[in-house]
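All remarks here apply to the structure that follows.
Atom set for the values below is all heavy atoms of this structure, side chains included, hydrogens, waters and symmetry mates excluded. Below, chain A is the first sequence line, B the second, and so on; all start at residue 1.
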There are 2 protein chains.
Amino acid sequence: MPSFDATERRVDRTCGRFPAFPRQPALLVRLVKHIARSVHDAGNASLRAHGINHTDYNILMMLYGSEDATCTPSDLAAAAGEKLANITRVCNALCDKKFITRAPSHDDRRKIMVRLTPAGRRFVEGLLPDMADLLDAFTQGLDAREQTTLEKLLKKMLAGAEAVAGQ
Amino acid sequence: MPSFDATERRVDRTCGRFPAFPRQPALLVRLVKHIARSVHDAGNASLRAHGINHTDYNILMMLYGSEDATCTPSDLAAAAGEKLANITRVCNALCDKKFITRAPSHDDRRKIMVRLTPAGRRFVEGLLPDMADLLDAFTQGLDAREQTTLEKLLKKMLAGAEAVAGQ
DNA sequence: TCAAAATAGTACACAAATGAAATATACAGG
DNA sequence: CCTGTATATTTCATTTGTGTACTATTTTGA
């Protein structure tokens, strides 16, 4: 019944044709990919009315959650899971919208301090009620205990994936 | 120590500033996103030498796992988690490389049957040993029991996410 | 039986993301 | 001090992905 069955059947057939293929790791990776995609799409759909997309939102949220609502592009990239070059592009657009400002750091002039403006903060807080509902909907099928277990296991998986990707 | 801490701290600060924000669902969604990204990047890095990217690979794999190594673009889109328009583009490139062929279906002429060629099958099988190692590395931190639990919980989360995204 | 609706795929203009090179600043060792 | 190396960010050409509109077929149901 669930749409993932079509994927799972294909992984099974792959294992039948090439027995060294690791079934369970492949399923885990594909599940993660499908979830990430659904979340991204649902986020985009819900944010479109506000004139931003899911990536913009993630970056604004990581800034909102930073001390002083300020941090560097590199920190944003690490926290949001984006490439630095993409942060530059997104921040250009967020600057144009007056949601953030950029200023060189004084203790290290290679660094840029990105800061959420009051207008940016208000914009984020206007989004949060809807986004909170979305997040709850994504995880509605899991009780509190299951969510805790899932968090623990995903952290282990992330450690493995980052070790391979080289941070 | 793990790089996800920077993200987690920001979610915590967000909850401090906006208490209705659901901490655990937000962490789960961000974990999934970070893992998907690491996997995608590591896949791209490892596949570059072979002249394809992770998306191309996923589509080839879904075909390889199809009955008769044949299916429609719509099925590929659903199984690989891609948009139909993107399947068209990727399949154009895979056709140019002679890894797949396209032919109209006879029982429904709206449909196109995409089929892996013998050259495409050999190409995939040449990739599989390395990709199997990658998959094992991603999940090295999880024992068999944990992988089973993780699969179960991710399937529940996917159901929730797809319900929101509307399939 | 035939119009309206649904389904399958593609085309295209545009948006988003990437890799690699370039720029600028900081740091470390001789 | 310099000089080489590491770090932080941006630029740019290119690749990858999306939304929407369009064509062609099939299905529905009145």
In whole angstrom, what separates [X]'s [atom1] from [N]'s [atom2]?
X	N	atom1	atom2	result
A:N86	D:dT16	CG	P	15 Å
B:E82	D:dT18	CD	P	6 Å
A:D56	D:dT18	CG	C1'	15 Å
B:N58	D:dT16	CG	P	13 Å
B:I87	D:dG19	CD1	C1'	16 Å
B:R109	D:dT23	CZ	C1'	14 Å
B:D107	D:dT25	CG	P	15 Å
A:H40	D:dT16	NE2	P	17 Å

Is the phosphate of [N], meaning OP1 or OP2, less than 4.0 Å from a side-chain N or O of [X]?
X	N	result
B:K83	D:dG17	no
B:N53	D:dT15	no
B:R89	D:dG17	yes
A:S74	D:dT7	no

Problem - Along DNA chain C, first and last positions that approach a heavy atom of chain B under 4.0 Å - result: C:dA6 to C:dG19
If you compare all heavy atoms of [X] against all heavy atoms of [Y], which two are closest, and at what distance to 0.1 Å?
X	Y	answer
B:H34	A:A79	NE2-O, 3.1 Å
B:Q147	B:T139	NE2-O, 3.5 Å
A:L47	A:H54	CD1-CA, 3.7 Å

Practice task
Just say parallel, tilted or perpendicular for the rings of A:F123 and A:H50, cut-offs at 30° and 60°.
Solution key: perpendicular
Just checking [X]: base, sugar-phosphate only, or nothing, at a heavy-atom cut-off of under 4.0 Å?
X	value
B:L84	base
B:R37	nothing
A:D108	sugar-phosphate

Exercise for the section: State whether the number of non-hydrogen atoms from other residues, nucleotides or ligands found under 6.0 Å of B:R115 atom CZ is greater than 12. Expected result: no
Practice task
Return yes when atom NZ of A:K33 has more than 12 non-hydrogen atoms of other residues, nucleotides or ligands closer than 6.0 Å, and no otherwise.
Solution key: yes
Exercise for the section: Measure distances between side-chain N and O atoms of A:R110 and base N and O atoms of D:dT7, and say whether any donor-acceptor pair falls under 3.5 Å. Expected result: yes
Practice task
Kindly indicate whether the side chain of A:S105, heavy atoms from C-beta on, has any atom under 4.5 Å from the side chain of A:I112.
Solution key: no
Handout entry: Earlier contact from the 5' end, DNA chain C, for B:R102 and A:T55
Key = B:R102
Exercise for the section: Treat each ILVMFWY residue as a node, draw an edge where side-chain heavy atoms are under 4.5 Å apart, and state whether B:L27 and B:F18 are in one component. Expected result: yes
Problem - Residue mapping more 5' on DNA chain D - nearest nucleotide basis, A:R48 or B:I52 - result: B:I52
